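Quick caveat: nothing in here was measured; it's all calculated off a predicted structure.
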Amino acid sequence: MPQAAAKAGFRESFEQLKQAQKSRKGVPLYLLWVNRPAGRVIAAALRNTRIRPNHVTFAGAVLTYGSLLWLAFGAGADPSSALVGVLLALGYALDSADGQLARLQGSSSAYGEWLDHILDNGRIAVMHVAVFCFLFRNTDYDPVLLASLTGAFLFASSTIFFGGALLDQLRRNAAARAAEQVQAGRQKRNGTPGPVIGRSGRSRAVPGPTNGAAAGTANAAAESRRLMRRSIVTLPVDYGVTCLAFLLLPLPGVFVSVYAGLAAAHVLMCAAFLPKWRSELLGLA
């Protein structure tokens, strides 16, 4: 009898995910260097278990929402409150692991993607309401100022998240329509591409893949540097950095200063993203 194929182990699963990782275009450094690798480790470890991606999603939600509820109604300005930052960071790692586990187990689904986005969007609102409650209970700051600060952070971060997610979907829709148009054009030509015609009206050869290799290498290096700069610039609006800021909760004054700085970064980045996204969407139309 033929032997069943051996199941992929941890190392093989980890390497598969590493090779198939999402694009790093515009990805902040924490997500790129910390959260995705952490999620990769979790997903590779769970591949051959009965744990499914939605289980991981719900586990992350329990850590995230549970810690935020404790922050809002129970945590004091003492060392134990730093645990909120730890739990939020762990929940974020699980949020990265569920999609990678789905790829390994071949169990990706529309419901899983929808659930992930719903919980991600909800945590933004709950987080900043929880911060307001914590600071209102444990500090003497003016409640109106606290509401303005947390409200501005909530508005900017939710706009960036929802706007970015919707933009990604619209990009995919546009790419699918373009692919359909190309396919329809090929079928209309019976699948036979014509020669490339120059301005003189004569056929000309298509440059070979080796032409411009040096220029291509230089362009790739320049693009890599550009992406790295963008990853550094967007670091303050990475959710993971916000999670780490909660490690400062035992020092409310320091926490408020860092929180306000992150809020300002989100507002500025939101103001920069919106006109850029508008131009891209008009181009897609």
Side-chain angles (χ1 to χ4, degrees), residues 10-47 51 53 55-68 71 81-104 113 116-117 119-121 123-124 126-128 130-131 153 156-158 160-161 164-165 168 223-250 254-255 258-259 261-263 265-266 269 273:
F10 174 85
R11 183 178 297 276
E12 182 180 349
S13 300
F14 185 88
E15 289 300 322
Q16 286 179 8
L17 290 173
K18 187 175 181 180
Q19 295 299 322
Q21 67 179 349
K22 295 180 180 179
S23 169
R24 57 170 291 184
K25 182 179 180 181
V27 177
L29 286 182
Y30 182 91
L31 177 58
L32 184 65
W33 287 354
V34 178
N35 210 60
R36 280 185 182 174
R40 199 177 301 142
V41 170
I42 297 171
L46 296 178
R47 179 177 191 173
I51 297 176
H55 299 155
V56 178
T57 301
F58 284 120
V62 168
L63 291 179
T64 298
Y65 286 87
S67 61
L68 291 175
L71 174 67
S81 61
L83 183 61
V84 173
V86 176
L87 295 177
L88 288 176
L90 289 175
Y92 191 33
L94 292 175
D95 182 51
S96 178
D98 55 7
Q100 299 189 72
L101 181 60
R103 286 193 290 276
L104 286 177
E113 184 175 359
D116 195 43
H117 279 76
L119 293 174
D120 288 350
N121 190 58
R123 76 187 177 194
I124 295 174
V126 175
M127 169 179 284
H128 299 293
V131 170
F153 203 155
S157 57
S158 61
I160 291 172
F161 173 80
D168 183 60
E223 178 68 6
S224 179
R225 290 192 296 270
R226 187 187 69 82
L227 291 177
M228 178 57 67
R229 288 194 296 269
R230 184 171 179 178
S231 294
I232 294 173
V233 170
T234 57
L235 184 59
V237 297
D238 191 315
Y239 175 77
V241 173
T242 303
C243 293
L244 296 181
F246 283 78
L247 296 173
L248 300 172
L249 286 171
V254 177
F255 171 75
V258 173
Y259 182 87
L262 293 176
H266 277 73
M269 203 65 70
F273 282 153

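- Atom CG of residue Asp116 and atom CG of residue Asn121 lie 11.5 Å apart, to the nearest 0.5 angstrom.
- In terms of heavy-atom proximity, Leu31 sits nearest to Pro37 at O-CD, 4.2 Å.
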Self-check item: Criterion side chain to side chain contact (heavy atoms under 4.5 Å, CB included) on Leu68 and Leu88, from CA distance to verdict
Solution: CA-CA 8 Å; Leu68 291 175; Leu88 288 176; 4.0 Å; yes
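- Here the CZ atom belonging to Arg229 is positioned 13.0 Å from the OG1 atom belonging to Thr234, to the nearest 0.5 angstrom.
- For Ala44 against Leu17, the heavy-atom pair with the smallest separation is N-CD1, 4.4 Å.
- From Leu90, atom CG reaches atom CG of Leu63 across 6.5 Å, with rounding to the nearest 0.5 Å.
- Distance check, rounded to the nearest 0.5 Å: CG of Leu235 to OG of Ser231 gives 9.0 Å.
- Scanning all heavy atoms of the two residues, the minimum distance from Ala43 to Ala97 falls at CB-O, 3.8 Å.
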Quiz prompt | Worked verdict on Gln16 versus Arg47 for side-chain hydrogen bond (donor to acceptor under 3.5 Å, both in side chains) | solution = CA-CA 12 Å; Gln16 286 179 8; Arg47 179 177 191 173; 3.0 Å; yes
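- Aromatic pair Phe246/Tyr259: centroids not less than 6.0 angstrom apart.
- The heavy-atom pair separating Val258 from Ala245 by the smallest distance is CG1-CB, 4.0 Å.
- When side chains are defined from C-beta on, Val86 counts as touching Leu83, because their heavy atoms get closer than 4.5 Å.
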Quiz item: So Tyr92 and Asp238, side chain to side chain contact (heavy atoms under 4.5 Å, CB included) or not? Walk me through it.
Solution: CA-CA 11 Å; Tyr92 191 33; Asp238 191 315; 3.4 Å; yes
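- Remark: side-chain polar atoms of Asn35 are not paired, donor with acceptor, to backbone N or O of Tyr30 under 3.5 angstrom.
- In this structure Ser81 satisfies the side-chain contact (heavy atoms from CB on, under 4.5 Å) test together with Ala75, Leu249, Pro250, sequence neighbours excluded.
- Checked against salt bridge (Lys or Arg N to Asp or Glu O under 4.0 Å), Asp120 has the following partners two or more places apart in sequence or in another chain: Arg123.
- Within the 4.5 Å cutoff, no side-chain heavy atoms of Ile42 are placed close to those of Gln100.
- Nearest heavy atoms, Leu247 versus Ala82: CD2-O, 3.4 Å.
- Closest approach of Val56 to Leu101, counting heavy atoms only: CG2-CD2, 3.8 Å.
- Under the ring pair (Phe, Tyr, Trp, His ring centres under 6.0 Å) rule, His266 has a single partner from Phe153, Tyr239, Phe273, which is Phe153.
- Atom CG of Leu87 sits about 15.0 Å away from atom OH of Tyr65, to the nearest 0.5 Å.
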Practice problem: Walk me through it: do Asp98 and His55 pass the test side chain to side chain contact (heavy atoms under 4.5 Å, CB included)? | Solution: CA-CA 8 Å; Asp98 55 7; His55 299 155; over 6 Å; no
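- For the pair Val233 and Met269, the minimum side-chain heavy-atom distance is below 4.5 Å.
- Checking side-chain atoms of Thr64 against main-chain N and O of Ala61 turns up no donor-acceptor pair under 3.5 Å.
- By the 4.5 Å heavy-atom criterion applied to side chains, Leu119 and Asp95 are not counted as neighbours.
- In this structure, Thr57 and Leu94 have side chains that are not in contact, with every pair of non-hydrogen atoms separated by 4.5 Å or more.
- Under the 3.5 Å distance criterion, with hydrogens and angles disregarded, no donor-acceptor pair is assigned to the side chains of Arg36 and Ser96.
- With sequence neighbours excluded, the residues that form a side-chain contact (heavy atoms from CB on, under 4.5 Å) with Ile124 are His128, Ser157, Ser158, Phe161.
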